[in-house]
Amino acid sequence: MNKLTNDQNIKNLKKRKILRYLIIALGIITIVLSILSLIIKWSFIFPLITFLLMTILTKKRESIPIKLSKSIETKRIEKAIKKQKEKKK
């Protein structure tokens, strides 16, 4: 894997953020179209197309490399540990 400069990392993070919003929007549209296809008897092709687009965008998002700093990773781990402790109480 190539080393990422800070500028490249920021661009990649912005791309991933935009793709995340698109994936969420397509997921909601897929659910709505699926319900409409069941209720109104629309074709099942429309939710299938949106699902395929969502899957393609998800794979593209996962293929974009990013470099996380150690502090971000440790914060995530600490958050997960804190949640586990709260669940046990």
Side-chain angles (χ1 to χ4, degrees):
M1 185 174 163
N2 296 335
K3 291 228 174 198
L4 292 174
T5 63
N6 196 25
D7 292 335
Q8 290 172 337
N9 197 32
I10 291 171
K11 286 179 186 178
N12 288 347
L13 286 169
K14 288 180 182 180
K15 285 180 191 177
R16 285 176 63 98
K17 184 177 181 180
I18 292 169
L19 286 174
R20 182 178 67 216
Y21 289 141
L22 284 174
I23 292 166
I24 291 169
L26 283 173
I28 292 170
I29 292 170
T30 302
I31 292 169
V32 169
L33 288 176
S34 298
I35 291 171
L36 288 176
S37 70
L38 289 172
I39 294 174
I40 304 177
K41 304 294 182 192
W42 275 7
S43 176
F44 70 93
I45 298 298
F46 300 116
L48 182 64
I49 290 170
T50 57
F51 175 74
L52 290 175
L53 284 172
M54 186 176 68
T55 305
I56 290 168
L57 289 177
T58 302
K59 290 190 185 272
K60 178 160 177 60
R61 181 178 182 268
E62 290 173 355
S63 69
I64 296 175
I66 59 169
K67 179 177 62 173
L68 293 175
S69 66
K70 293 290 183 187
S71 63
I72 293 175
E73 292 176 9
T74 54
K75 286 180 184 178
R76 286 184 182 173
I77 293 170
E78 288 171 358
K79 239 185 216 182
I81 292 171
K82 186 178 178 182
K83 283 183 182 180
Q84 288 295 327
K85 287 181 180 179
E86 288 175 0
K87 285 182 181 179
K88 289 181 182 179
K89 290 182 181 180

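Each residue takes its place number in the sequence, starting with 1.
Residues satisfying the side-chain contact (heavy atoms from CB on, under 4.5 Å) test with R16, not counting sequence neighbours, are R61, I64, I66. When the side chain to side chain donor-acceptor pair (under 3.5 Å) test is applied to S34, no partner is found at least two apart in sequence or on another chain. Scored by the side-chain contact (heavy atoms from CB on, under 4.5 Å) test, I35 finds I31, I39 as partners (sequence neighbours excluded). Every residue two or more places apart in sequence or in another chain that forms a side-chain contact (heavy atoms from CB on, under 4.5 Å) with I18 is listed here: L22. Shown here are the side-chain contact (heavy atoms from CB on, under 4.5 Å) partners of L53, two or more places apart in sequence or in another chain: L26, I49.
In this structure, M54 and T58 approach most closely via the heavy-atom pair O-OG1, 2.7 Å. Nearest heavy atoms, P47 versus T30: O-CG2, 3.8 Å. Considering every non-hydrogen atom in both W42 and L33, the closest pair reads CZ3-CD2, 3.7 Å. When every heavy atom of N12 is checked against every heavy atom of P65, the shortest pair comes out as ND2-O, 2.7 Å.
The NZ atom of K17 lies 9.0 Å from the NZ atom of K14; values are rounded to the nearest 0.5 Å. We find the CD1-CG distance between I23 and L19 to be 6.0 Å, quoted to the nearest 0.5 Å. Interatomic distance, Q84 CD to E86 CD, rounded to the nearest 0.5 Å: 10.0 Å. In this structure, the separation between CZ on R20 and CG on L13 is 10.0 Å, given to the nearest 0.5 Å. Remark: T55 OG1 to F51 CZ distance equals 3.5 Å, nearest 0.5 Å.
Cluster membership for V32 and I40, using ILVMFWY side-chain heavy atoms within less than 4.5 angstrom, is shared. In terms of hydrophobic clustering, with Ile, Leu, Val, Met, Phe, Trp and Tyr side chains grouped at heavy-atom distances under 4.5 Å, L57 and Y21 are assigned to different clusters.
Membership of an apolar cluster is not assigned to I56, as no side-chain contact below 4.5 Å to another ILVMFWY residue is traced.
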